[in-house]
Every structure is written in structure tokens, then in C-alpha cells.
Amino acid sequence: MKQYIEQNKDRFFNELFSLIRIPSVSAQAEHKDDIHKCAARLVELLLEAGADTADIYPTAGNPVVFAQKTVDPSAETILVYGHYDVQPVDPIELWKSDPFEPEIRDGAIYGRGANDDKGQLFMHLKAFEFLNARGLLKYNVKFIFEGEEEIGSSSLAEWVEQNKELLACNIILVSDTTMIDEKIPSINVGMRGLAYFNVTVQGADKDLHSGHFGGAILNPINTLCKMIGSLIDDHGRITVGGFYDNVVELTAEERAMFARAPFNLEEYKKHIDVEEVFGEEGFTTLERTGIRPCLDVCGIWGGYTGKGAKTVLPSLAHAKISMRLVPNQSPVEIAQKFEKHFLSIAPKGVKVTVEALEGGSGFLIPVSSKAYKAAEKAIEKVYGIKPVPSRGGGSIAILAKMQQILGADPLLMGFGLERDTIHSPNESYLLTQLFGGMESIVEFYLNY
């Protein structure tokens with residue numbers, strides 16, 4: 001594969017850049033046409049790589065690109081999942097180059113989607129192309145690329161359910177995550193789920209003069225802050241009743257395996273410029289972000305926030321609250337428990353509403369599985385070191401739903417790095433990771 005990459009490198013760049021140049025931002029309606037344009041470009045690339053068929057399928061939202069290659073109807077089938085939509089680029093002034101005009105500098109490709117996920121799904125296209133061209137493909141391959149991952153994949157689960165026979169497979173292969181380090185490769189064996197809420201506290205029916213009414217009635221912002229403050233106790237535990245009921249505690253052996261991942265707490269704190277870490281007592285920082293659930297306020301607002309002073313007692317206060325869940329925690333059950341708890345701690349004098357927004361389950365795959373072992377051998381051969389099993393703190397909720405619908409486990413062979421600053425200005429993807437990913441995927445197919 002190394003020789004194939006070297007011989008076709010310029011073509012690879014041109015093809016990947018053609019994808020990055022399309023501003024397929026799913027969160028912004030003005031890019032609807034770009035979403036369809038990007039899907040159409042993927043169909044072209046899939047057919048050129050050797051797919052038997054590749055088509056665009058409509059959904060209730062953005063379209064799905066589906067392609068397949070059948071080498072033997074009796075052989076196992078690998079389903080490759082990825083997404084072609086990208087995050088908004090704001091704040092644009094912090095980008096050093098045009099986010100939709102990719103360029104190579106300092107050994108990396110810079111541009112929105114360079115890593116997440118156009119660069120990573122592109123690795124699968126080129127690995128497939130190589131295997132197909134060399135007659136090395138032993139398994140049937142299907143591709144599903146969606147255009148709504150960055151906005152919660154709201155339409156995909158229904159489409160998968162409606163097309164589960166078309167998507168039938170033995171394993172779901174995904175590259176949409178990160179490695180611990182380029183010198184310390186890892187394989188993600190699980191991800192946390194998500195439950196996300198918008199909460200509102202209302203006091204009076206309108207904003208009031210803070211001099212005339214201050215001290216006489218409840219201030220919704222003060223009240224909301226107090227309610228939020230009570231959701232986590234001094235030991236870092238979430239106080240919602242029944243929140244931990246279905247959390248599976250890891251054994252000492254499992255925690256020891258998880259601890260194989262190298263981690264320097266002082267470097268971690270320095271990297272994000274904090275003096276101290278905080279979290280659930282009895283667990284390390286890596287465990288807190290991988291095997292334990294958490295609760296965070298992602299946004300809070302209300303009242304007057306403009307320049308200068310305005311002596312107003314606001315009538316409304318709002319917050320967005322996110323819960324990262326671990327496998328076995330149901331986002332539906334957690335949503336019910338959270339709403340019940342949050343309403344129960346509301347004092348008289350305010351009205352509280354809880355709106356559930358996004359939600360999805362986490363998942364976990366065994367390190368003893370055939371797919372994990374194949375990925376382990378593949379990455380060890382390419383990187384020269386046995387990869388570490390890790391668990392991601394983020395969420396790709398649709399994968400848990402696909403696992404349930406299709407009865408196939410996801411395998412996350414991600415090659416991104418924290419340095420790539422996905423979702424932020426100056427997103428990038430190291431060329432060594434792009435090409436190392438292609439080689440590793442090829443080896444995965446050969447070892448599966």
C-alpha cells in the first residue's frame with residue numbers, strides 16, 4: 001500500500017480536496033445545496049474506486065450515500081460508516097487559511113472536514129480502491145455515508161430501520177474518532193451516550209425593575225443557578241435519583257487494562273491551562289471521561305447581557321444541560337429521571353420546564369472479538385506497537401442505534417489526534433495519519 005500511496009498521492013489530494021471544498025455544513029440551511037453536491041461527489045468517488053453500485057437515497061432530512069461491492073454472496077460483509085457533513089466554521093477570523101480551500105502546511109492538511117470526517121472516510125475509499133484493484137478483497141463491502149451526524153443524525157435511524165436488509169452486515173467499520181497519540185496508537189472499544197436538555201425557569205410574567213421588586217420575589221437566574229449547583233455534590237456525584245442504577249462498575253482487571261493508556265496529569269492540565277482537575281471521587285481523569293457518566297451545563301442565559309447596566313429583574317432564565325451516559329444507561333430513562341428531579345427541586349414562585357433535545361445510547365465491544373483482533377494486528381504492523389484499547393468520552397449516538405437495528409458491532413478505527421482541533425478553527429489532519437490510516441485499513445481487511 002505504501003507504494004500505491006506514493007504513486008497516487010497527488011490524485012488522492014485532488015480527490016480529497018474536492019470534498020473539503022464543498023461547504024457541507026448541516027447546521028446551516030443555506031448550505032442545503034452543498035449537502036447534495038457533496039453526496040453526489042461521493043457517489044462519483046465510490047464508483048471510481050470500484051463499487052458495483054453507488055446511489056443517493058433520500059431521507060426525512062439530508063440524503064444518505066449508499067454503495068456496495070459484492071465479491072462473494074457467501075462471504076462476510078463489512079459496512080463502512082462515515083459522515084460527509086461538517087461543523088460551521090465560526091469564528092471565521094481565527095482561521096489562518098480559508099476553511100473551504102484546503103492547503104498543506106507543516107505536514108498536515110488544513111480545512112473544515114480535513115479530519116472530521118471527510119479525511120477519515122476518504123481513507124476507507126482509498127483502502128477499498130487498492131484492495132479491489134489488486135484483487136485482494138475477500139469480503140463484501142458496503143458504504144453508508146450520512147449528512148446529519150453533526151446535527152444528531154435525526155433522520156438516519158429511521159432510514160436504517162427501513163433498509164436493514166440492504167445494510168445487513170457482520171461488522172460496522174468506522175473512522176470518526178481519535179487515537180491517544182500518533183506514537184501511542186489506540187482502538188476505541190466504546191463510546192458514551194448522550195442526554196441533552198433545555199431547561200427554563202420563569203418568574204414574573206415580564207421583566208421587572210430590580211429596585212422595585214429585587215429582594216421581594218425569586219430571581220429566575222439566581223434560582224436556576226442554585227438548582228444547577230445542586231445537581232452535582234461535593235464528591236462529584238450526580239444527585240438525580242436513580243441516575244447510577246444501571247451503570248456497570250468495571251472490575252479491577254478491566255480498570256487495569258484501561259489504565260494502560262499513557263496519561264500525564266500535569267501535561268493535561270497545562271494543555272488546557274487549568275490548575276486542578278475535578279470529577280467523581282475514586283476515579284482517575286481518564287476514567288471520568290471514558291467509563292463514567294457526567295453532567296455539564298453547556299450554556300446559560302437570561303436577563304440583560306448588553307453593554308452597560310440595566311437594572312432589570314429578568315422573567316426568564318435558560319440553560320442547556322448535557323449528560324454523557326455509559327453503556328446500559330438508557331437516554332429515555334435518564335431523561336425521565338432528570339425531568340422528575342429537576343421539577344422536584346424547583347421552589348414555589350417559579351415555573352420550570354424541561355425539554356429533552358438530543359439523546360442516544362452508548363456502546364461497548366469486547367476486545368476478544370474477531371474485528372478487534374484484526375484491527376489490533378493491523379495497527380501494530382503499521383505503527384510498530386500494539387495499540388491500547390480505549391473508550392471515548394464523546395458520543396456517536398447513531399452507532400448504538402445501528403448496532404441494535406442491524407445486530408452488528410461497531411469497530412472504531414479512528415486516526416485523528418487531539419492536535420487536529422476538530423469543530424474548531426484551523427482543523428487539520430496529519431499526512432502521516434491519513435496515509436497510516438489507509439495502510440491500517442488495508443491490513444484490517446487482510447487480517448479479518
Side-chain angles (χ1 to χ4, degrees), residues 8-49 54 56 59 61-65 81-126 143-156 175-178 394 396 414-435 437-438:
N8 294 277
K9 188 163 52 177
D10 290 341
R11 175 172 64 85
F12 288 179
F13 288 147
N14 288 334
E15 291 174 352
L16 176 55
F17 287 8
S18 74
L19 289 172
I20 298 174
R21 287 191 180 102
I22 303 171
S24 49
V25 182
S26 53
Q28 297 172 337
E30 60 266 30
H31 290 294
K32 193 73 174 179
D33 289 344
D34 295 312
I35 289 287
H36 289 266
K37 183 179 178 182
C38 194
R41 180 59 180 140
L42 278 170
V43 167
E44 293 175 347
L45 292 174
L46 283 159
L47 291 172
E48 290 169 6
I56 297 173
T59 73
N62 292 336
V64 163
V65 175
Y81 164 88
H83 67 91
Y84 63 87
D85 64 320
V86 297
Q87 285 276 323
V89 298
D90 304 307
I92 185 66
E93 66 273 10
L94 296 184
W95 285 80
K96 294 180 180 179
S97 57
D98 187 334
F100 295 116
E101 186 51 55
E103 64 176 49
I104 299 174
R105 61 176 188 270
D106 303 322
I109 299 171
Y110 283 80
R112 177 56 88 223
N115 169 333
D116 184 24
D117 185 39
K118 292 177 179 178
Q120 294 216 60
L121 70 80
F122 186 77
M123 299 183 305
H124 289 272
L125 292 179
K126 297 301 107 178
F143 297 87
I144 178 173
F145 297 145
E146 66 153 319
E148 294 185 330
E149 195 277 339
E150 299 293 7
I151 54 173
S153 303
S154 59
S155 304
L156 189 59
S175 294
D176 189 22
T177 51
T178 60
I396 308 179
F415 295 87
L417 301 171
E418 287 299 326
R419 66 162 298 285
D420 298 340
T421 63
I422 63 172
H423 292 207
S424 298
N426 303 305
E427 178 182 348
S428 64
Y429 196 28
L430 284 176
L431 298 181
T432 52
Q433 291 298 100
L434 175 70
F435 298 141
M438 291 180 190

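Counting begins at 1 with the first residue of the sequence.
The salt bridge (Lys or Arg N to Asp or Glu O under 4.0 Å) test applied to E418 returns no partner, not counting sequence neighbours. Scored by the salt bridge (Lys or Arg N to Asp or Glu O under 4.0 Å) test, E101 finds R21 as partners (sequence neighbours excluded). Every side-chain hydrogen bond (donor to acceptor under 3.5 Å, both in side chains) that D116 has, sequence neighbours left out, goes to H83, H423. For K37, the salt bridge (Lys or Arg N to Asp or Glu O under 4.0 Å) criterion is met by no residue, not counting sequence neighbours. In this structure E149 satisfies the salt bridge (Lys or Arg N to Asp or Glu O under 4.0 Å) test with no other residue, sequence neighbours excluded.
Across every non-hydrogen atom of S155 and G61, the tightest pair is OG-N, 3.0 Å. The two residues Q28 and P88 come nearest to each other via the heavy atoms NE2-CB, 3.7 Å.
To the nearest 0.5 Å, atom OH of residue Y84 and atom CD of residue E146 are 8.5 Å apart. To the nearest 0.5 Å, atom OG of residue S18 and atom CZ of residue F122 are 7.5 Å apart. A distance of 12.0 Å separates OH of Y81 from NE2 of H124, quoted to the nearest 0.5 Å. Distance CD1/I22 to CZ/F17: 14.0 Å, rounded to 0.5 Å. Going from atom CD1 of I396 over to atom OG1 of T177 covers 6.5 Å, rounded to the nearest 0.5 Å. Atom-to-atom distance recorded for L46:CG and L121:CG is 8.5 Å, nearest 0.5 angstrom.
No side-chain heavy atom of D85 sits less than 4.5 Å from a side-chain heavy atom of N62. Using a 4.5 Å cut-off on side-chain heavy atoms (C-beta onward), P23 and R112 make no contact. You'll find the side chain of S428 reaches within 4.5 Å of the side chain of R419, heavy atoms only. Residues L42 and F143 form no side-chain contact, since every pair of their non-hydrogen atoms from C-beta on lies 4.5 Å or further apart. Between D34 and V25 the shortest side-chain heavy-atom distance does not fall below 4.5 Å. You'll find the side chain of E15 stays beyond 4.5 Å of the side chain of L19, heavy atoms only.
With hydrogens and angles disregarded, a donor-acceptor distance shorter than 3.5 Å links the side chain of E427 to the backbone of N115. Side chain of S175 to backbone of Q120: no donor-acceptor contact under 3.5 angstrom is found. For the pair Q433 (side chain) and G416 (backbone), a donor-acceptor distance under 3.5 Å is absent.
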Donor-acceptor pairs under 3.5 Å, side chain of residues 92-100 to any protein atom, not counting sequence neighbours: which ones?
residue	atom	partner	partner atom	Å
W95	NE1	V89	O	2.8
S97	OG	R105	NH1	3.1
D98	OD1	F100	N	2.9

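Paired with S24 under the rule side chain to side chain contact (heavy atoms under 4.5 Å, CB included), one option of H31, K118, H36 passes, and it is K118.
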Start with the C-alpha distance between I109 and I104, add both sets of side-chain angles, then the distance that settles side chain to side chain contact (heavy atoms under 4.5 Å, CB included), and finish with yes or no.
CA-CA 5 Å; I109 299 171; I104 299 174; 4.0 Å; yes
Evaluate the side chain to side chain contact (heavy atoms under 4.5 Å, CB included) criterion for residues Y429 and I20: first the C-alpha distance (whole Å), next the side-chain angles of each, then the deciding distance (0.1 Å), finally the verdict.
CA-CA 12 Å; Y429 196 28; I20 298 174; over 6 Å; no
